[in-house]
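These notes are about the structure you will find just below.
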2 protein chains.
Amino acid sequence: MLTCMDLRQLQNFVAVAAAGTVTGAANALGLAPASVSEQVRRLEHSLGVALFERTPRGMRLTDAGATLLTRARGLLDHADEVRRAVTGGRRRVRIGALEMLAAIRLPAVLRRLSARRPDLDVDVRPLTRQSLLAEVAGGTLDAALLLDLGERVGGLGFTPPADLDHLDVGEVRLWLVAAPGGAREPLLVSPSGCSIRLAADQVLGTRLPRRELTSIATAREWAKQGMGSALLPDFAVDPDLASGALVPLDPESGQAPELALRLVWLRGREPALRDVLYAMSA
Amino acid sequence: MLTCMDLRQLQNFVAVAAAGTVTGAANALGLAPASVSEQVRRLEHSLGVALFERTPRGMRLTDAGATLLTRARGLLDHADEVRRAVTGGRRRVRIGALEMLAAIRLPAVLRRLSARRPDLDVDVRPLTRQSLLAEVAGGTLDAALLLDLGERVGGLGFTPPADLDHLDVGEVRLWLVAAPGGAREPLLVSPSGCSIRLAADQVLGTRLPRRELTSIATAREWAKQGMGSALLPDFAVDPDLASGALVPLDPESGQAPELALRLVWLRGREPALRDVLYAMSA
DNA sequence: AGAGGGCATTCGGGAAAACCGTATGCTGAC
DNA sequence: GTCAGCATACGGTTTTCCCGAATGCCCTCT
């Protein structure tokens with residue numbers, strides 16, 4: 001036990017925990033599986049604790065492993081921060097956002113961030129919610145901006161793949177709209193999996209007759225042509241509401257809650273990252 | 001720059017910074033000077049920054065080195081905490097105290113600490129103020145309990161060897177005493193360097209006729225025998241005040257301020273350590 | 001049931017790094 | 001001017017790191 005806890009070992013450990021397999025982690029790290037396996041074993045031996053249960057399908061974290069995982073991430077973050085502090089390197093933050101938000105709502109958020117923290121380099125990548133969550137869980141992304149509902153991550157109807165922390169940085173209002181004088185049915189919905197579709201399922205239930213279209217924009221156009229009603233986010237329908245091409249259907253009380261513009265990240269990341277993320281809120 | 005910041009390198013770096021020489025650090029670490037030198041050079045190269053100025057008398061920190069030093073300590077502390085969290089190892093805290101405090105005032109402080117934080121193993125070492133400060137600066141001691149005056153560390157008249165944080169955990173009242181009916185002069189003082197002597201110099205000035213004795217206890221005994229007056233801490237004279245063997249001389253207003261029972265530690269140590277230390281305050 | 005694929009691990013070897021003891025060059029002190 | 005103390009360069013040994021190939025395991029698909 002003379003040799004203790006190398007940062008590289010921790011990096012390997014985190015990679016294995018994220019990938020769930022030694023092989024996957026080795027690929028991600030550009031190493032051979034044998035090397036990663038040995039490093040993990042060495043780490044376990046130096047700590048005197050089993051970090052993984054070996055199964056023929058991969059590696060499952062033990063309790064001690066789970067304990068170490070969050071702390072190891074924090075320590076690696078800390079090390080990174082130290083390195084940056086002394087090299088004067090700028091901090092690079094990798095943020096992902098739902099494609100639908102990237103164009104409309106993201107710029108204002110990023111403007112706030114760069115005004116308050118001009119010392120940052122921000123990478124932005126538009127992705128699907130699944131990819132966002134996977135990359136945040138895997139550490140490829142520092143945080144993700146998506147739509148959600150309620151107090152807990154996943155309230156909109158998806159299940160986060162890891163223990164995520166969150167912060168709401170804005171709101172998105174939903175409008176149930178139709179063309180003036182047009183049909184109110186069916187409910188025109190976007191493809192299953194789309195956040196707005198999840199919101200429609202959550203808010204309006206699934207009993208209404210519905211027609212699935214390929215995108216929010218398509219649903220809006222169909223609605224404008226009187227083909228039914230649609231539950232759409234403010235940024236998609238504001239112009240049409242202003243011009244009168246679409247009119248809000250008087251929702252029953254409480255039928256149109258606001259979605260949260262929600263920033264999520266892996267719980268336990270360094271405090272410095274949290275500060276950065278909080279600088280994105282209004 | 002493929003290989004980045006090994007914890008062991010940071011340990012070496014901190015040791016060199018503390019010792020001021022590679023040789024000293026090597027002795028402290030149980031390594032050969034050549035090894036330590038190479039590690040430091042490797043670290044500098046991997047960071048792309050010069051950490052030390054090489055002088056023929058030793059190593060002097062550069063600005064970047066000073067920046068790294070505090071953060072490296074913090075990171076090493078963090079790593080230690082992570083290791084403890086997963087191995088379930090108990091935390092060991094090394095505390096030093098002025099010899100004169102160890103017997104009388106330290107037990108109550110430690111009782112508070114172990115009542116609030118039973119998960120700790122506390123090492124206590126009685127030392128002189130010089131040793132205390134040196135060991136805290138060098139990292140051999142986590143914190144030191146000593147006497148001080150005013151808002152800043154060193155207000156009693158010594159200069160701290162590093163950037164120290166502090167917390168006052170109690171007070172020590174000073175009494176200017178003499179035997180009833182005995183002489184009031186000279187002022188009987190303890191050896192220069194002793195905290196109580198510093199306090200006497202600070203509070204009473206140096207104009208009074210004075211006689212230097214070998215210890216506080218000696219000064220008290222001389223005072224009891226009517227050989228002069230002495231400025232003594234409460235814990236040394238309480239019994240004699242109670243019995244009437246010594247009586248307080250009415251000090252001019254504000255002449256007998258209270259000393260602070262002060263806990264000092266190296267600024268930048270991990271937050272977890274701070275929590276421990278705060279648990280020692282009243 | 002049997003073959004095949006994905007998995008972690010073991011093994012042997014080669015490259016890199018850590019470490020040591022010694023030797024060298026430097027500077028300030030005596 | 002010599003000497004002590006310092007950092008460092010050098011050659012050699014031990015340890016670590018990493019790889020490719022081979023092994024054994026278990027699940028799955030046929």
Side-chain angles (χ1 to χ4, degrees), chain A residues 1-62 64-65 68-69 72 76 79 138, chain B residues 1-62 64-65 68-69 72 76 79 138:
Chain A
M1 203 192 283
L2 273 106
T3 169
C4 207
M5 255 205 344
D6 187 354
L7 286 183
R8 186 180 305 188
Q9 291 175 350
L10 287 184
Q11 250 168 321
N12 285 6
F13 163 73
V14 170
V16 171
T21 86
V22 169
T23 313
N27 290 338
L29 294 167
L31 296 180
S35 312
V36 177
S37 179
E38 189 193 342
Q39 291 302 322
V40 170
R41 196 152 23 83
R42 198 177 290 274
L43 177 62
E44 285 179 314
H45 186 257
S46 89
L47 292 174
V49 179
L51 265 14
F52 292 102
E53 265 177 61
R54 271 68 171 178
T55 85
R57 313 288 300 157
M59 312 277 280
R60 188 178 0 270
L61 281 171
T62 62
L68 179 59
L69 179 57
L76 291 171
Chain B
M1 201 191 284
L2 273 106
T3 170
C4 208
M5 255 206 343
D6 187 353
L7 286 183
R8 184 180 307 186
Q9 290 175 350
L10 287 185
Q11 250 167 320
N12 286 5
F13 163 73
V14 170
V16 172
T21 85
V22 170
T23 313
N27 289 339
L29 294 167
L31 296 180
S35 312
V36 177
S37 180
E38 188 192 343
Q39 290 303 321
V40 170
R41 197 150 26 81
R42 198 177 290 275
L43 177 62
E44 284 178 315
H45 185 259
S46 90
L47 292 174
V49 178
L51 264 14
F52 292 101
E53 263 178 61
R54 270 71 171 179
T55 85
R57 313 288 300 156
M59 313 278 279
R60 186 175 4 267
L61 281 171
T62 63
L68 179 59
L69 180 57
L76 291 171

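Not measured: the values here are computed from a predicted model. Order of the sequence lines fixes the chain letters, A, B, ..., with proteins taken first and strands second; residue numbering starts at 1 for each chain.
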Check A/Ala19 against A/Gly24 and note the closest heavy-atom contact, atom names and distance. CB-C, 3.9 Å

With a 4.5 Å heavy-atom cut-off, do A/Leu61 and A/Leu69 have their side chains touching? yes

Separation of D/dC17 P from A/His45 NE2 (nearest whole Å): 14 Å

Out of C/dT10, D/dA9, C/dC20, which nucleotide sits closest to the side chain of A/Arg41? C/dT10

From B/Phe13 CZ over to B/Glu44 CD, what is the distance, rounded to the nearest 0.5 angstrom? 8.5 Å

Flag side-chain contact, heavy atom, 4.5 Å: B/Arg41 against B/His45: no

Is there side-chain contact between B/Arg54 and B/Met59, with at least one heavy-atom pair below 4.5 Å? yes

Roughly how far, to the nearest 0.5 Å, is CG of B/Leu7 from CE of B/Met5? 7.5 Å

Look up atom CG in A/Asn12 and atom CG in A/Asp6, then write down how far apart they are to the nearest 0.5 Å. 9.0 Å

Determine: side-chain N/O of A/Ser35 to OP1/OP2 of D/dC19, distance under 4.0 Å, yes or no. yes

How would you summarise protein contacts on nucleotides 22-30 of chain C per nucleotide, using B for base, S for sugar-phosphate only and - for none, with heavy-atom distances below 4.0 Å? -----S---

Distance check needed: C/dT9 C1' versus A/Phe52 CZ, whole Å only. 15 Å

Look at the side chain of B/Arg54 and decide which nucleotide, out of C/dT9, C/dA18, D/dT8, has an atom nearest to it. D/dT8

Expressed as a whole number of angstroms, how long is the span from B/Leu29:CG to C/dA18:C1'? 14 Å

Could you tell me the separation between the CG atom of B/Leu51 and the P atom of D/dA7, rounded to a whole number of Å? 15 Å

Looking only at side-chain N and O atoms, does B/Ser37 come under 4.0 Å of OP1 or OP2 in D/dA7? no

Among residues 10-28 of chain B, which residues get a heavy atom nearer than 4.0 Å to DNA chain D? B/Thr21, B/Val22, B/Thr23

When rounded to the nearest 0.5 Å, the distance separating OG of B/Ser35 from CZ of B/Arg42 is 11.0 Å

Distance, rounded to the nearest Å, where A/Leu7 contributes CG and D/dC17 contributes P: 13 Å

In whole Å, what is the span from the CZ atom of A/Arg60 to the C1' atom of C/dG6? 16 Å

Is B/Leu68 close to B/Leu47 at the side-chain level, that is, under 4.5 Å between some pair of heavy atoms? yes

Expressed in angstrom and rounded to an integer, what is the separation of A/Glu53 atom CD from C/dA8 atom P? 14 Å

Close N or O pairs between protein and nucleotides 13-16 of chain D (under 3.5 Å):
none

Atom CG of B/Asp6 and atom P of C/dA17 are separated, to the nearest Å, by 12 Å

Where do B/Ala50 and B/Ala64 come nearest, in terms of heavy atoms and distance? O-CB, 3.9 Å

Are any non-hydrogen side-chain atoms of A/Leu43 and A/Leu51 less than 4.5 angstrom apart? yes

Backbone N/O of B/Leu76 and side chain of B/Gln11: donor-acceptor pair under 3.5 Å: no

